[in-house]
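Can you read through this structure? Questions will come right after.
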Amino acid sequence: MTKDYSAEQTLIRLAQAGDGEAFTRLVERYNRQIYNIGLRMLGNPEDAADMTQDVWLKIYRYLANFRGDSAFSTWLYRIAVNCCRDYLRLSYRTRELPFSGFGEEDESEAVFEIADRSAGPEELYLHREGRDELLGWVAQLSPQFRIVLVLREICGLSYQEIAAAVEISLGTVKSRLARARAALVEKITASREQSAAADSHMDSEDERGRSDGLR
Amino acid sequence: MDCAEIRQHLSEYLDNEAAPVLQRQIKEHLAACPQCRRQLAELHELSQALTALSEPLPDGLSARLADCLTQQRREQVSPRRTPLHKKALFKVASIAACLLLCLGAAGLAFEPGQDGAPTPDNSLPELAALDADSNGEKQLAPENKDIGLYGGSESADASIGAAPSDSDAANVAEDSEGTTFGEADAADTEDEPGENSAARSPVPFILLAAACLLVIFLLVWLLLQRKKDSKI
Ligand SMILES: [Zn+2]
């Protein structure tokens with residue numbers, strides 16, 4: 001008798017019964033998403049890989065406790081978000097910065113973190129373009145905005161799933177996403193205007209140079 | 001709704017997560033408002049750029065995970081194997097206890113002094129428990145390395161499990177001895193003490209030994225069963 005590994009429900013049941021192959025299939029299904037949560041939240045591939053491993057070990061250990069009251073993906077993403085929170089807490093502590101998790105806060109939460117680096121983020125990313133520039137801005141988002149954005153845009157979760165994974169209300173998911181996106185659009189627009197201005201400046205310099213040369 | 005209000009909800013509109021009524025209202029507004037359409041286009045563009053930030057898994061991560069999980073699986077197999085192991089331990093412990101009990105009982109029966117009977121009888125459960133403990137340690141010692149964290153609690157668990165069952169069994173056995181030996185003693189007093197005891201049939205002792213065995217195995221089986229239930 002061959003096992004049907006296509007349905008997730010079946011995979012979970014087989015994995016719970018100790019089927020290693022089924023568990024590997026589950027890993028393959030979600031691994032990239034979990035790694036990318038780690039990569040975007042922690043900022044470097046080494047921590048992201050460590051976090052990914054921790055998440056799968058936790059899932060392996062607690063899979064027997066998964067009763068199917070919620071969707072498996074919701075359960076899995078909640079574990080990933082919790083793991084990510086632990087890593088961030090440690091990283092903030094070593095940098096002696098306050099970290100308050102991803103939970104609900106007052107209305108005044110800032111979309112971007114106040115950069116503590118001596119070299120300002122603008123300086124760091126000014127000369128970069130496109131993808132790198134965007135990465136820089138995403139990295140500067142406050143963690144509670146970043147996690148929602150990453151879960152939506154990179155993992156493709158629904159608002160309901162994000163709310164369950166981060167343990168915040170649906171309203172908070174909506175407002176954080178809207179604010180994070182608006183802030184990023186603003187950055188992109190400003191950057192474009194800046195480079196357009198620089199280009200036109202360069203163009204006029206070029207023209208002047210050319211006309212000088214002609215003379 | 002004016003443009004400012006619409007723009008507040010464009011993000012959820014883009015994700016198709018706005019309430020149906022709102023979703024329709026925005027759609028109608030967008031059809032008539034190029035400025036808001038431009039805003040939506042910017043959000044859409046951003047969304048695509050963000051989705052494109054997803055990076056492939058680094059080389060070696062899958063292999064590393066597979067290794068790690070295989071190791072984890074191996075660690076988890078040992079505790080799952082311990083019930084069987086425990087069963088063997090209990091068997092050894094109870095057999096030892098039975099042997100001691102029966103030897104003691106036989107010794108008692110051959111001994112002509114009836115007043116001395118309670119003293120060796122009382123020491124029997126302790127001996128049995130001691131024997132079980134040393135057996136348990138011998139059995140578990142090599143396993144401890146494999147089990148790692150679980151090892152300590154496992155052996156403690158086993159010896160704790162073994163001790164009460166043995167003493168229980170011993171108590172039960174003591175009771176039954178009390179009655180059977182009462183009769184045996186009564187028979188003894190009628191007979192002439194001394195050489196007569198050597199000529200007695202061994203059947204009662206074999207029966208007694210069998211009874212002891214049965215009682216102890218039952219107790220052990222019950223204990224194991226209860227443990228299995230509490231695990232689920
Ligand atoms: Zn408008």
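Side chains are part of it too, since the values below use all heavy atoms of this structure and drop only hydrogens, waters and symmetry mates. So you know, we letter chains A, B, ... as the sequences are listed, proteins then strands, and number each from 1.
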> If every non-hydrogen atom of W56(A) is compared with every non-hydrogen atom of L69(B), which pair is closest and at what distance?
Replying inline: O-CD2, 4.2 Å
> Nearest heavy-atom pair of R64(B) and A49(A): which atoms, and what distance?
Replying inline: NH1-CB, 3.6 Å
>> Quick check for you: among L43(B), L46(B), N16(B), which has the greatest number of heavy-atom pairs under 4.5 Å with chain A?
In response: L46(B)
> Does atom CG of N65(A) have more than 12 heavy-atom neighbours, drawn from other residues, nucleotides or ligands, at distances under 6.0 Å?
Replying inline: yes
>> Quick check: closest heavy atoms across Q53(A) and L65(B), and the distance to 0.1 Å?
In response: CA-CD2, 3.5 Å
> To the nearest 0.5 Å, how far apart are OG in S11(B) and CZ in R179(A)?
Replying inline: 12.5 Å
>> Which atoms of T189(A) are under 4.5 Å from chain B, going by heavy atoms: the side chain, the backbone, both sets, or neither?
In response: side chain
>> Tell me which of these, P56(B), A52(B), A66(B), A49(B), has more heavy-atom pairs under 4.5 Å with chain A than the rest.
In response: P56(B)
>> By the salt bridge (Lys or Arg N to Asp or Glu O under 4.0 Å) test, which pairs, at least two apart or in different chains, include something from residues 19-40 of chain B?
In response: R38(B)-E42(B)
>> Could you report the tightest heavy-atom contact between R181(A) and S47(B), atom names first, then the distance?
In response: NH2-OG, 4.4 Å
> Looking only at heavy atoms, which two atoms of R32(A) and E55(B) are closest? And how far apart?
Replying inline: NE-O, 3.2 Å
>> Among R40(A), Q160(A), R152(A), which residue has the highest count of heavy-atom pairs closer than 4.5 Å to chain B?
In response: R152(A)
> What part of D50(A) gets closer than 4.5 Å to chain B, counting heavy atoms only: side chain, backbone, both or neither?
Replying inline: both
> For V138(A), is it the side chain, the backbone, both, or neither that has a heavy atom closer than 4.5 Å to a heavy atom of chain B?
Replying inline: side chain
> Side chain, backbone, both or neither: which part of L149(A) has an atom under 4.5 Å from a heavy atom of chain B?
Replying inline: side chain
> Given a strict heavy-atom distance threshold of 4.5 Å, which part of Q39(B) is in contact with chain A: side chain, backbone, both, or neither?
Replying inline: neither
> What part of L50(B) gets closer than 4.5 Å to chain A, counting heavy atoms only: side chain, backbone, both or neither?
Replying inline: both
> Atom OG in S62(B), atom CG in N31(A): separation rounded to 0.5 Å?
Replying inline: 5.5 Å
> Rounded to the nearest 0.5 Å, how far apart are OH of Y35(A) and CG of L57(B)?
Replying inline: 7.5 Å
> What distance separates E17(B) CD from L177(A) CG, expressed to the nearest 0.5 Å?
Replying inline: 9.0 Å
> Are R176(A) and E12(B) ion-paired here, with the side-chain N under 4.0 Å from a carboxylate O?
Replying inline: no
> Is chain A contacted by the side chain of L10(B), its backbone, both, or neither, given a heavy-atom distance below 4.5 Å?
Replying inline: neither
> Any chance CD of E186(A) has more than 12 other-residue heavy atoms, nucleotides or ligands included, within less than 6.0 Å?
Replying inline: no
> For L53(B), is it the side chain, the backbone, both, or neither that has a heavy atom closer than 4.5 Å to a heavy atom of chain A?
Replying inline: both
>> Atom OH of residue position Y92(A) - does it have more than 12 heavy atoms of other residues, nucleotides or ligands inside 6.0 Å?
In response: yes
> For Q23(B), does the CD atom have more than 12 heavy-atom neighbours from other residues, nucleotides or ligands under 6.0 Å away?
Replying inline: yes
> Stepwise, does the side chain to side chain contact (heavy atoms under 4.5 Å, CB included) test hold for Q72(B) with R61(A)?
Replying inline: CA-CA 9 Å; Q72(B) 187 70 17; R61(A) 269 183 216 136; 3.1 Å; yes
> Under a 4.0 Å N-O cut-off, is there an ion pair linking K174(A) with D15(B)?
Replying inline: no
> Heavy-atom distance under 4.5 Å to chain B: side chain of L39(A), backbone, both or neither?
Replying inline: side chain
> Which distance, rounded to the nearest 0.5 Å, do you find between the CZ of R73(B) and the OH of Y60(A)?
Replying inline: 4.5 Å
> So, does T51(B) use its side chain to make a donor-acceptor pair with the main chain of E153(A) at under 3.5 Å?
Replying inline: yes
